[in-house]
Amino acid sequence: MALNGRFPDTMLAHLGWPEADHLRLRPDAAASITRLAAAFEAHFGKPLYLSDAYRTYATQVSLKATKGVFAATPGTSNHGWGIAIDAASRVNVDGSAEHRWFEANARPYGWINPAWAQDYNSNNGQHEPWHWEYSAARDTHPTSAPAQEDDMPTTQEIHDTVVSILRASEFFGTAGAPGAAVKRIAAQVLESKVSNDTGTLAQTVRDTRRIARRHELADYPDS
Ligand SMILES: [Zn+2]
């Protein structure tokens, strides 16, 4: 859990539209929400505003102090894994046209409003129509690494960072931890890349995700 909220800048990408480019997510999630925001704007004729995306560990600590049960235990939030957004623009309002549009359209982009954020269970106190989470396994659109990563050389330091992040079970954004096969294969791919020192960081991440996703889908059918 040590990496939650402590991603290095190289593992985060700014969102790709003006109203949200001050916020960051894991690069595949950033690319996907940018596509979804474009579809939202095309439909409603107004941009999508977000109130939050990636959250540092320090921010999680301060939110927990002020919001109590409405904030995740620091170090466990999907905001800290760079795969969660809090939407505004009335997506945050139950029953609004904007919320219903997200419910009808976000899933094929990889985004859902998870079950815990829909109930009114007073034991967890959480009802968050604004909170949406990304899974690459759900994303039906082709993913591509952001341009700024494409020419980045694969240094040992960057690779070591990628290896450690990929080994964190939450990295793949599944509901549960990825199977042992996924982690083993991801580690093998990355270690062979490190020892050969070929390719770029973006290519390494793409290769690993593609392989991991294939095994992940076999291990965890997205029902
Ligand atoms: Zn949230």
Side-chain angles (χ1 to χ4, degrees), residues 1-7 11-17 19-37 39-40 47-139 165 168-177 222:
M1 299 304 252
L3 282 160
N4 185 292
R6 296 191 176 97
F7 275 22
M11 293 306 297
L12 291 163
H14 285 270
L15 308 191
W17 71 106
E19 290 78 10
D21 66 3
H22 58 295
L23 297 169
R24 297 182 298 170
L25 288 173
R26 203 177 69 186
D28 56 347
S32 178
I33 193 64
T34 299
R35 283 191 284 271
L36 183 59
F40 179 93
L48 177 66
Y49 284 87
L50 307 181
S51 55
D52 214 352
Y54 173 72
R55 221 173 258 166
T56 64
Y57 183 81
T59 305
Q60 294 176 49
V61 170
S62 65
L63 268 183
K64 186 69 184 171
T66 57
K67 291 176 67 183
V69 293
F70 283 98
T73 301
T76 67
S77 170
N78 273 326
H79 287 284
W81 294 116
I83 55 169
I85 58 154
D86 291 340
S89 299
R90 293 182 57 80
V91 176
N92 52 322
V93 178
D94 279 318
S96 68
E98 292 85 349
H99 187 84
R100 283 185 280 116
W101 186 90
F102 250 66
E103 284 182 329
N105 293 283
R107 175 176 266 273
Y109 290 83
W111 295 89
I112 60 164
N113 184 217
W116 63 259
Q118 293 181 34
D119 69 24
Y120 282 93
N121 183 349
S122 59
N123 290 323
N124 62 28
Q126 298 172 62
H127 178 76
E128 303 187 5
W130 53 84
H131 178 93
W132 295 73
E133 294 181 352
Y134 177 75
S135 163
R138 273 192 300 269
D139 190 351
I165 290 173
S169 61
E170 292 85 351
F171 185 76
F172 295 103
T174 55
D222 189 33

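Ligands are counted one by one from 1 in listed order, and the atoms in each one are counted from 1 as well.
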- Which atom, counting only N, O or S, brings His131 closest to the Zn ion (ligand 1)? ND1

- Task: Quick one: report the N, O or S atom of His79 that is nearest to the Zn ion (ligand 1).
- Result: NE2

- Message: Aromatic contact between Trp111 and His131, with the criterion being ring centroids under 6.0 Å apart: yes or no?
- Response: no

- Distance-only side-chain donor-acceptor flag, Asn4 / Gln60, under 3.5 Å: yes

- Query: Backbone or side chain, does Asp86 get an N/O/S atom under 2.8 Å to the Zn ion (ligand 1)?
  - Reply: yes

- Item | Donor-acceptor contact below 3.5 Å, side chain Asn113 vs main chain Glu103 | no

- Between His127, Arg100, Gln118, which is the residue that forms a side-chain hydrogen bond (donor to acceptor under 3.5 Å, both in side chains) with Asp94? His127

